[in-house]
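I have placed the structure first, in the form of C-alpha cells, so that the comments after it can refer back to it.
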2 protein chains.
Amino acid sequence: MKKIFSFGENNSVELLQEHMPVIKSSPLFIGASEKEINSMLTCLGGTIAKCDKDKYIFHANDNITDMGLVLSGSLRLERNDYWGNRSILSYVGRGEIFGEVFACEPLLSTSISAVANEESMILFMNVQRIATMCGNNCIYHSQLIHNLLSVMAKKAYMLTSKINHVSKRTTREKLLSYFSEQVLLSGSTEFSIPFSRQELADFLSVNRSAMCVELSKMQTDGIINFNKNRFELLTDENPM
Amino acid sequence: MKKIFSFGENNSVELLQEHMPVIKSSPLFIGASEKEINSMLTCLGGTIAKCDKDKYIFHANDNITDMGLVLSGSLRLERNDYWGNRSILSYVGRGEIFGEVFACEPLLSTSISAVANEESMILFMNVQRIATMCGNNCIYHSQLIHNLLSVMAKKAYMLTSKINHVSKRTTREKLLSYFSEQVLLSGSTEFSIPFSRQELADFLSVNRSAMCVELSKMQTDGIINFNKNRFELLTDENPM
DNA sequence: AAATATCGGTTGTAAATATAACAAAAGGTG
DNA sequence: CACCTTTTGTTATATTTACAACCGATATTT
C-alpha cells in the first residue's frame, strides 16, 4: 500500500479532482461542498493510498486508527476463525466506507482483515479526529459527526433486522420475516427485492434450492404471489 | 411517562444523587466526574422521567430524537411484524442505553417499540446535541462523542459476530463458530460462557434439546470437553 | 442462429433439526 | 432432610433442510 496524497499538503490537484465525485456522494460527506470537504479532510488527516490486488489493507489484530472510503476498485472483509478457516464477510465497493467499527473501538482488535479485491484507491481518515472537535473554523465538523453516527446507526439497524430474519427456525418463517419487513418499508403488499434467488438464499442463510421449493409451496398455499423479483403478500391473516 | 427532572434547572438534588452512581458507570459517561456529567447533561437537555410498568417509552413509528439510559428498573425492546406478531428483541437493564440507533438516524422510523418491564426511571438525552458541539466550555463533549461512537461500534461488532454464528447451517458449526470466537477472545482453549443451555440455544437460534444432543456428540467425537459452563476446545485440526 | 452461460424451478435422498416427553442432576427452601 | 423447581441430558419420531443432479427458460456471445 502506497500513500500518494495527503490533504493539507501541496498535492496534485488532478488526483483530487478525479476522486472528488465519489467523496462528495459518500454517506460521510453528503451535502458538503468541495471546499468544505477539503477543509474537513485536512482536519482529519486524510490521505489517499493505492493498494494492489490481494494486498492487505488491514490485518486481523492490527491496531486500527483510520477508517477508509473506497475511491476506486473494491475490497473484501474477511474473517479467520481459530482453525484458520477464512470466510468472506462482505464486499466494499466504490463510495462505501469500512473499518469505522474498529477505528471507533480499537479494543476490538479483531479477527477481521480487509483485502483489496483489485487495484484500489482508498481514502483514509483518522476517526479520533472526527470525534475530537478541531479549533479551526471547520464548521462542518459537527455535520460530519452526525453523518458518521447516521452511517453507524443504519448499519446497526440493518444488522438487527437481518438477525431477526436469520434467527427464525424454518425457511418459510425466514422468508415471511423478510417479506413482512419489505411490506412495512414499502407501505405496500407488493414489492420488488434487490436480490437474485441465490443472493436472497445467502442473505437468509438457507440453501437456494430448498428456498425455491419453499417459495413454490407458499405460492401454492396462497400466501404469496411472485414473478421474477416482484412479490406480493396475499394474506392478512397470520400465516404461521 | 412523567418528567420529573431536567438538568440545568433547579431540581431536587436528592434524586440526582440517588442515580448518579448508575450514570457514572454507564458506558456513555465512564471516566467523567459528577461535575462534568452535570455540565454535559445540561448541554444535552437531559431529563429524567418515570415510566410505569407496561407503558410505552417509545412506540413503533414515533419520531425519536432522544436516546435513553435506564437508571432503575428495566425495559424491553419489541418488534411487530406486518401481521401484528410481537417478538421481544432484547431486554435493557439498569445502566444500559437504548434508542441510540433511532435517535441517530430518525429516518429509520421503525417497527420497534420500547416498553417498561417494571416501574423504571429513564434518563433521556438529545442525540442531536451530542453531535453538535456546544459553544460552552463543555470540554468533555468530545469525550462523550467518543464514548457514543465506541458504544455503537461495540454493538455493530457484536451484531456482526452473532450473524456469523447464526448464519452457519448446522448446529455443530454454529457452536464451533461461537467457541472459536471465545477462544480467540480469551486467548485460551478453555473458557467459560455466560449463558445457560437455554440462553445459548436462543443466542444461536437453535433448539435447546437438539443443541444438547450435538454438544454430547461433539464431546464423544473428542472435539470439546465441557463441564457446566466451562468448555474446552480439544482440536487443532479443522473439525469441519 | 448456434453455442454458451446464468438463473430459476423441480426432484429424490440423506442428513439435520424441532419437538415432545421423560429422566437425571443441581439448586433452593422450609 | 424431604420437597419442589429449574436446569440439563437423552430418546424417539415427524418435520425440515441440504445437497446433488437435472431441466427448461432467458440472456449473451460469437
Side-chain angles (χ1 to χ4, degrees), chain A residues 85 87-88 91 162-179 182 190-234 238-240, chain B residues 85 87 91 162-179 182 190-232 234 238-240:
Chain A
N85 302 314
S87 63
I88 292 169
Y91 290 92
K162 174 163 177 173
I163 284 181
N164 228 269
H165 306 323
V166 174
S167 295
K168 296 288 192 298
R169 297 302 165 82
T170 66
T171 301
R172 179 174 292 208
E173 280 182 307
K174 290 179 195 187
L175 285 165
L176 285 172
S177 174
Y178 174 67
F179 289 160
Q182 296 312 302
E190 267 189 82
F191 52 90
S192 295
I193 67 171
F195 293 129
S196 72
R197 292 293 185 272
Q198 183 64 63
E199 287 168 335
L200 180 58
D202 288 345
F203 179 72
L204 297 178
S205 295
V206 294
N207 180 280
R208 176 198 65 81
S209 169
M211 187 190 75
C212 280
V213 172
E214 196 57 39
L215 282 172
S216 297
K217 271 194 214 162
M218 289 164 77
Q219 187 150 279
T220 307
D221 292 351
I223 296 176
I224 61 171
N225 260 338
F226 64 91
N227 188 282
K228 297 188 178 177
N229 288 352
R230 187 137 193 96
F231 288 78
E232 186 184 4
L233 255 192
L234 294 172
N238 183 339
M240 290 177 278
Chain B
N85 302 315
S87 63
Y91 289 91
K162 174 165 176 171
I163 285 181
N164 229 269
H165 306 322
V166 175
S167 295
K168 296 289 192 298
R169 297 302 165 83
T170 66
T171 301
R172 178 174 292 207
E173 279 181 307
K174 290 179 194 187
L175 284 166
L176 285 171
S177 174
Y178 174 67
F179 290 160
Q182 296 312 302
E190 266 188 81
F191 52 89
S192 296
I193 67 172
F195 293 128
S196 72
R197 294 292 185 273
Q198 183 65 62
E199 288 168 334
L200 179 58
D202 289 344
F203 179 73
L204 297 178
S205 294
V206 294
N207 180 280
R208 177 199 64 82
S209 170
M211 185 191 77
C212 280
V213 171
E214 196 57 39
L215 282 172
S216 297
K217 270 194 216 162
M218 289 165 78
Q219 186 150 252
T220 306
D221 292 352
I223 295 176
I224 59 171
N225 260 340
F226 63 92
N227 189 281
K228 298 187 181 179
N229 289 353
R230 186 133 193 99
F231 289 77
E232 186 183 4
L234 293 172
N238 183 342
M240 287 178 279

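Each chain gets a letter, A, B and so on, in the order its sequence line appears, and its residues count up from 1. Hydrogens, waters and symmetry mates are skipped; everything else that's a heavy atom, side chains included, is used.
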**Prompt:** Is there side-chain contact between B:E232 and B:I224, with at least one heavy-atom pair below 4.5 Å?
**Reply:** no

**Asked** Is the closest side-chain heavy-atom distance between B:K217 and B:R172 below 4.5 Å?
**Response** yes

**Request:** Report the relative orientation of the aromatic rings in B:F191 and B:F231; use parallel for angles under 30°, tilted for 30 to 60°, perpendicular for over 60°.
**Result:** parallel

**Asked** Can you check whether B:N207 reaches B:T171 side chain to side chain, under 4.5 Å on heavy atoms?
**Response** no

**Message:** With nearest nucleotide decided by heavy atoms, which residue, A:Q198 or B:R169, maps closer to the 5′ end of DNA chain C?
**Reply:** A:Q198

**Item:** Distance-minimising heavy-atom pair for A:R169 and B:V206
**Value:** NH2-O, 3.3 Å

**Prompt:** Contact class for A:R208 (heavy atom, under 4.0 Å): base, sugar-phosphate, or nothing?
**Reply:** base

**Complete:** When rounded to whole Å, the CZ to C1' distance for the pair B:R172 and D:dA18 reads 16 Å

Would you list the protein and nucleotides 11-15 of chain D atom pairs, both N or O, that sit under 3.5 Å from each other?
from   : atom 1 : to     : atom 2 : distance (Å)
D:dT11 : O4     : B:S209 : OG     : 3.4

**Rounded interatomic separation in angstrom, taking CE from A:M211 and C1' from D:dT16** = 16 Å

**Request:** Give the minimum heavy-atom separation between A:L175 and A:L204, together with the two atoms involved.
**Result:** CD2-CD1, 3.7 Å

**Asked** Going 5' to 3' along DNA chain C, which nucleotides are the first and last within contact of chain B (any atom under 4.0 Å from a heavy atom)?
**Response** C:dA16 to C:dG27

**Prompt:** What is the minimum heavy-atom distance between A:F203 and A:K162, and which atoms define it?
**Reply:** O-CE, 3.3 Å

**Asked** Base, sugar-phosphate, or nothing for A:K228, non-hydrogen atoms under 4.0 angstrom?
**Response** nothing

**Item:** Short side-chain to backbone donor-acceptor contact, B:R197 and B:K228, under 3.5 Å
**Value:** yes

**Item:** A:I163 side chain near B:V166 side chain, heavy-atom distance below 4.5 Å
**Value:** no

**Request:** Calculate the interatomic distance between B:N207 atom CG and D:dT10 atom P; express it in whole Å.
**Result:** 15 Å

**Request:** Work out which heavy atom in B:S192 is nearest to a heavy atom in B:R230; give both atom names and the distance.
**Result:** OG-NH1, 2.7 Å

**Prompt:** What integer distance in Å separates B:E214:CD from D:dG9:P?
**Reply:** 13 Å

**Terminal helix-axis angle for the helix from C:dA1-D:dT30 to C:dG30-D:dC1, with five pairs defining each axis and rounding to 10 degrees** = 50°

**Asked** Could you state the CD-C1' distance from B:E199 to D:dT8, rounded to the nearest angstrom?
**Response** 13 Å

**Message:** If we ignore hydrogens and angles and just use 3.5 Å, is the side chain of A:S177 paired with the main-chain N or O of A:E173 as donor and acceptor?
**Reply:** no

**Asked** Which sits closer to the 5' end of DNA chain C, B:T171 or A:R197, going by the nucleotide each is nearest to?
**Response** A:R197

